[in-house]
Amino acid sequence: MDVVTLGETMVLFTPESEGYMRYSANFSAKVAGAESNVAIGLARLGHNSGWISRLGDDEFGKKVHTFIRGEGVDVSTVRFKESASTGLYFKEMVTDDEVRVHYYRKESAASLMTPQDLNEDYIASAKYLHITGITPALSESCRKTVMKAVEFAKKHEVTVVFDPNLRRKLWSEEQARKALLEIAFKADIVLPGLDEGVFLFGQNNPEMMAKQLYAHGVSQIVIKLGAQGAYYYSKDGKGTIPGFPVKRVIDPVGAGDGFAVGLLSGLLDKLSLKKAVERAAAVGAMATKVSGDVEGLPERERLESFINGTTQGDVNR
Ligand code: KDG
């Protein structure tokens with residue numbers, strides 16, 4: 001397996017009209033979860049990815065399972081729990097540039113995950129373990145599950161990639177800072193957004209943030225700067241990669257997961273960190289051009305032409 005990831009995936013309801021959601025009569029039902037978004041993006045680029053989770057034994061659980069399996073992600077360790085529901089999430093498009101997220105995921109099947117749900121051999125089989133700061137925010141048992149997964153990865157020399165993915169609605173600032181730093185300092189690669197770096201380190205200089213992580217043993221740090229691109233730091237070099245221009249952002253949610261897809265894909269293809277960050281910025285930009293958290297993640301051919309500047313709004317006849 002190239003990448004194994006661990007986290008909750010929900011059914012995502014998006015109102016078909018903009019404005020307060022209380023006035024929305026029609027919704028589309030999609031599937032979204034930061035970690036499975038990454039697994040799906042990797043599968044689209046031809047990598048082998050596996051997703052570890054728990055789902056409710058309900059229609060929504062079956063929808064999520066069928067969708068992710070259909071995208072070519074390995075779901076062989078995913079189990080259904082009779083006693084709990086699949087989580088739900090609503091994306092309220094208040095205006096075309098203001099998105100609000102509402103979760104209905106307390107006590108969901110995934111939030112009841114425990115370290116006993118992990119299969120050590122499955123994690124050991126991967127080149128990379130991808131985790132995000134959403135899973136430890138779901139419950140104390142989920143936090144312990146993430147820590148156990150990291151422990152298995154380290155024992156078997158699986159590279160740990162951590163995206164802090166701060167979700168303020170899920171926990172207090174104090175809990176978040178403590179848990180996210182604890183995981184970040186155990187990871188090999190950390191991918192914070194600039195605002196997350198400010199939250200964790202109390203200052204907004206990407207190089208300073210990277211140096212703090214590096215001093216704690218993180219070997220590759222990439223700080224996402226949104227439309228401005230990304231800053232990378234490792235023993236082999238540091239620098240800034242400019243962002244790819246996007247004419248019209250349709251849906252910004254999922255851009256960070258797209259970034260992680262591009263980075264992991266580049267590293268799996270043995271690109272330099274700089275080139276992998278360029279691929280990351282490209283996939284992140286492409287993710288924003290389509291509604292939905294995974295729908296904009298590209299297959300390889302489109303990614304390559306996007307990077308080469310040949311699909312920027314061309315008519316493809
Ligand atoms: O990164 C996008 C995710 O935030 C989204 O797909 C849903 O996993 C999700 C969450 O917990 O917000």
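The structure presented is a predicted model; accordingly, all values stated were derived computationally and were not measured. By convention here, the first residue in the shown sequence is residue 1. Ligands are counted one by one from 1 in listed order, and the atoms in each one are counted from 1 as well.
Looking at ligand 1, you'll find an N or O of Asp293 within less than 3.5 Å of one of its N or O atoms. An N or O contact shorter than 3.5 Å links Ala34 to ligand 1 by distance. Here's the thing with Asn37: one of its N/O atoms is less than 3.5 angstrom from an N/O atom of ligand 1.
The protein atom (non-hydrogen) at minimum distance from atom 9 (C) of ligand 1 is Met10 CE, 3.7 Å. If you check which protein heavy atom lies closest to atom 12 (O) of ligand 1, you get Tyr103 OH, 2.5 Å. Of the protein's non-hydrogen atoms, the one nearest atom 1 (O) of ligand 1 is Asp257 OD2, 2.7 Å. At the shortest separation from atom 4 (O) of ligand 1 among protein heavy atoms lies Arg167 NH2, 2.8 Å. Taking atom 7 (C) of ligand 1 as the reference point, the nearest protein heavy-atom neighbour is Tyr89 CE2, 3.4 Å. Looking from atom 11 (O) of ligand 1 to the surrounding protein, the closest heavy atom is Arg105 NH1, 2.8 Å.
Atom NZ of Lys270 has 12 or fewer heavy atoms from other residues, nucleotides or ligands within 6.0 Å. The environment of CD in Glu98 is crowded: more than 12 heavy-atom neighbours from other residues, nucleotides or ligands sit within 6.0 Å.
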Distance-only criterion, 3.5 Å: show the donor-acceptor pairs between side-chain atoms of residues 24-33 and protein atoms not counting sequence neighbours.
unit_1 : atom_1 : unit_2 : atom_2 : d
Ser24  : OG     : Met21  : O      : 3.4
Lys30  : NZ     : Ser291 : OG     : 3.4

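Residue pairs that meet the ring-ring contact (aromatic ring centres under 6.0 Å, His included) test with at least one member in residues 140-196, sequence neighbours left out, are Phe185-His216.
Counting atoms of ligand 1 from 1 in the listed order, those under 4.0 Å from a heavy atom of Ile134 are 8 (O), 10 (C), 11 (O).
Look at Gly256 and you'll find every heavy atom at least 4.0 Å from all atoms of ligand 1. Residue contact check for ligand 1: Glu35 places no non-hydrogen atom closer than 4.0 Å to it.
Using cut-offs of 30° and 60° for the angle between ring planes, the Phe60 and Phe13 rings count as perpendicular.
Counting all heavy atoms, side chain and backbone alike, Asn165 lies closest to Ala34 at ND2-CB, 3.5 Å.
Cation-pi geometry between Arg177 and Phe199 is met: under 6.0 angstrom from the ring centre, within 45 degrees of the axis.
At least one donor-acceptor pair under 3.5 Å links the side chain of Asp251 to the backbone N or O of Val253.
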